[in-house]
*Asks:* 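First the structure, then my questions, so here it is.
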Amino acid sequence: MELLICALAALAAGVGTGLAGLSAATVMVPVMIVLCPSFAGETGAYHATAIALASDILGSAFTSAIYIKHKNIDLKRGGIMLACIISMCVAGSIAAWHAGNVVLGTFSLFLCVGIGIRFLLKPDTQKEKPVKKGAKLDWKGIAISLFFGLTIGFGTGFVGTGGGMMMLVVFTAFLGMERKSAVGTSTLIMTFTALIAFVSHALVDPTLVLEKWQILILCIVVESLASIVSAQFANKVNNRVVGLVTGAVLTVLGVIMLGIHYREALAGFTLLWKVLECFEWYLVYLAGWLTVLLLARHFFSIPKELWRKLLHLVAYTSSLFMMFESRDWLTATVCCLVFAAVVYPVLHYSERWKGYNDLFNQRYPGEVKTSLLLLFCTHAVLIAVCWGWLGKAYIAVTAILMWGVGDTAAALIGKQFGRHHVHLPLADSRKTWEGSAAMMVTAFVAGFVSMLVTSPLEWYICLALAAVAAPVAAYVELISQGGNDTVTVPVATAFVLFVVSIL
């Protein structure tokens with residue numbers, strides 16, 4: 001089993017090396033020390049680092065050969081960095097032996113996550129106008145090369161990781177090199193640094209070669225082959241794509257490894273595990289819905305407004321699914337708030353994609369991310385108040401359903417059959433009596449059925465509550481403008497249901 005885990009780690013490391021010039025240890029060390037028992041001892045992290053360095057030798061050599069073939073090497077601007085880094089590798093390797101397994105292993109785990117997040121936030125550090133290949137360094141470039149070369153060299157020898165990423169940042173952001181040339185130059189430097197650092201590690205502790213020679217050979221072969229394939233890919237695609245892929249893989253891998261590594265410490269956080277379990281099932285639920293909808297859109301011609309409301313259906317039933325899956329109000333509330341915090345920046349970043357507006361059919365820029373933020377925050381408040389404070393979970397469920405189902409009917413019926421516009425004080429003049437009637441009827445049915453199923457009330461009380469709340473929901477939707485009905489309708493409905501239920 002350990003051989004398989006190490007092989008997979010080496011495979012991922014080779015992809016990282018070929019794509020972005022990352023050190024193999026960025027991936028291999030966290031995986032080995034967390035998932036492989038033989039690397040959990042006192043010298044486990046040191047041995048894992050040494051094996052990663054050995055894998056880097058051929059992997060970086062093959063990768064740099066491909067970049068040389070595509071004329072993406074610039075040693076005139078990277079020569080000083082090469083000399084400094086090589087000179088400091090041995091010092092870092094000796095320091096790593098004295099640092100111990102805990103310091104070394106923990107540092108590697110957090111560094112993996114940090115590098116991944118860095119690539120996600122800034123996938124491409126290349127300047128708009130990179131300097132020409134072979135251009136000489138000025139005094140400022142020499143000073144930068146000396147400073148970063150010495151520090152990166154020590155860090156490479158110490159943890160065996162981070163060097164490739166740091167060199168990439170220095171070459172592109174500080175020395176103005178084109179990204180592919182920066183990756184090629186950094187992998188060429190890594191060939192020599194990995195060789196020197198591995199030899200230093202092996203001399204300090206020769207047992208790693210004698211005891212783990214099978215893993216050593218396996219990782220070298222797998223990492224080398226993977227780096228060749230990924231380097232060919234990296235030389236043919238957009239820099240931004242390479243950065244985003246690298247960042248996503250490292251971030252997810254690092255977070256998973258941290259979770260496994262600290263699982264005992266996290267075991268006491270019951271709420272955390274409940275939230276994670278809820279999210280696990282929610283992602284399955286979300287993926288299932290989206291798969292069905294995208295397939296339906298691919299094979300059938302779905303009108304734009306109907307498509308919007310189908311997405312609307314997925315959104316408002318999400319919080320209901322969280323309530324059902326979590327089985328306690330605090331977990332459901334936290335899930336809604338966390339999802340709101342995560343989905344907003346994701347959608348904000350995704351708006352740059354050309355197909356974004358076509359997928360979501362936005363009426364104005366930023367509509368989807370703002371609506372989802374309001375929706376999940378509102379539902380979190382409803383769950384906390386109705387379920388957590390009042391002990392009446394059915395009020396939150398009913399209020400959400402009456403708004404969601406009623407709003408969908410109002411939009412579809414109003415746009416298709418609406419002929420008579422409403423001219424009441426505060427009402428939105430674009431809305432019609434037909435749409436409002438559809439809202440009231442469907443909200444009544446949804447409310448009655450919901451309370452009948454989820455509440456302990458008698459059927460006639462459910463009927464009365466729905467009959468009172470439905471007209472209120474329809475009127476509030478009528479006077480809500482600018483998408484505010486996401487907040488106003490469910491809150492007003494919940495308030496009415498609570499007051500009438502007391503009476």
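Owing to the predicted nature of the structure, the values given are computational and were not obtained by experimental measurement.
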*Asks:* Going from OH on Tyr282 to SG on Cys336, what distance comes out if it is rounded to the nearest 0.5 angstrom?
*Replies:* 8.5 Å
*Asks:* To check you understand the geometry: which heavy-atom pair defines the closest contact between Ala61 and Thr191, and what is its length?
*Replies:* N-OG1, 3.2 Å
*Asks:* Compare all side-chain heavy atoms of Lys369 with those of Val343 and state whether any distance is below 4.5 angstrom.
*Replies:* no
*Asks:* What closest approach, in Å, do Ser450 and Thr454 show between heavy atoms, and which atom pair accounts for it?
*Replies:* O-OG1, 2.7 Å
*Asks:* Are there over 12 heavy-atom neighbours, none belonging to Trp289, within less than 6.0 Å of that residue's CH2?
*Replies:* no
*Asks:* Taking atom CZ of Phe324 as the centre, does the number of heavy atoms from other residues, nucleotides or ligands within less than 6.0 Å exceed 12?
*Replies:*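 No.
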*Asks:* What heavy-atom pair brings Ala315 and Leu375 nearest, and what distance separates the two atoms?
*Replies:* O-CD2, 3.9 Å
*Asks:* The criterion is side-chain contact (heavy atoms from CB on, under 4.5 Å); which residues satisfy it with Leu146, sequence neighbours excluded?
*Replies:*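 Leu146 satisfies side-chain contact (heavy atoms from CB on, under 4.5 Å) with Ile80, Cys84, Ile142 once adjacent residues are dropped.
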*Asks:* Show me the donor-acceptor pairs within less than 3.5 Å that the side chains of residues 376-384 make with the rest of the protein, sequence neighbours left out.
*Replies:*
unit_1	atom_1	unit_2	atom_2	d
Thr378	OG1	Leu374	O	2.6
His379	ND1	Ser319	OG	2.6

*Asks:* Are the side chains of Leu311 and Leu293 in contact, using a 4.5 Å heavy-atom criterion?
*Replies:* yes
*Asks:* Between Arg308 and Glu367, does any NZ, NE, NH1 or NH2 come within less than 4.0 Å of an OD or OE carboxylate oxygen?
*Replies:*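 Looking at Glu367 and Arg308, the cut-off is met.
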*Asks:* Roughly how far apart are Trp389 CH2 and Trp329 CH2, rounded to 0.5 Å?
*Replies:* 12.0 Å
*Asks:* Looking only at side-chain N and O atoms, does Tyr316 offer a donor or acceptor that is under 3.5 Å from a partner on Thr486?
*Replies:*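 No, because no side-chain N or O of Thr486 sits under 3.5 Å from a partner of the opposite role on Tyr316.
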*Asks:* Can you see which heavy atom on Leu3 is nearest to which on Leu218, and at what distance?
*Replies:*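 Answer, listing the atom of Leu3 first, then Leu218: O-CD2, 3.3 Å.
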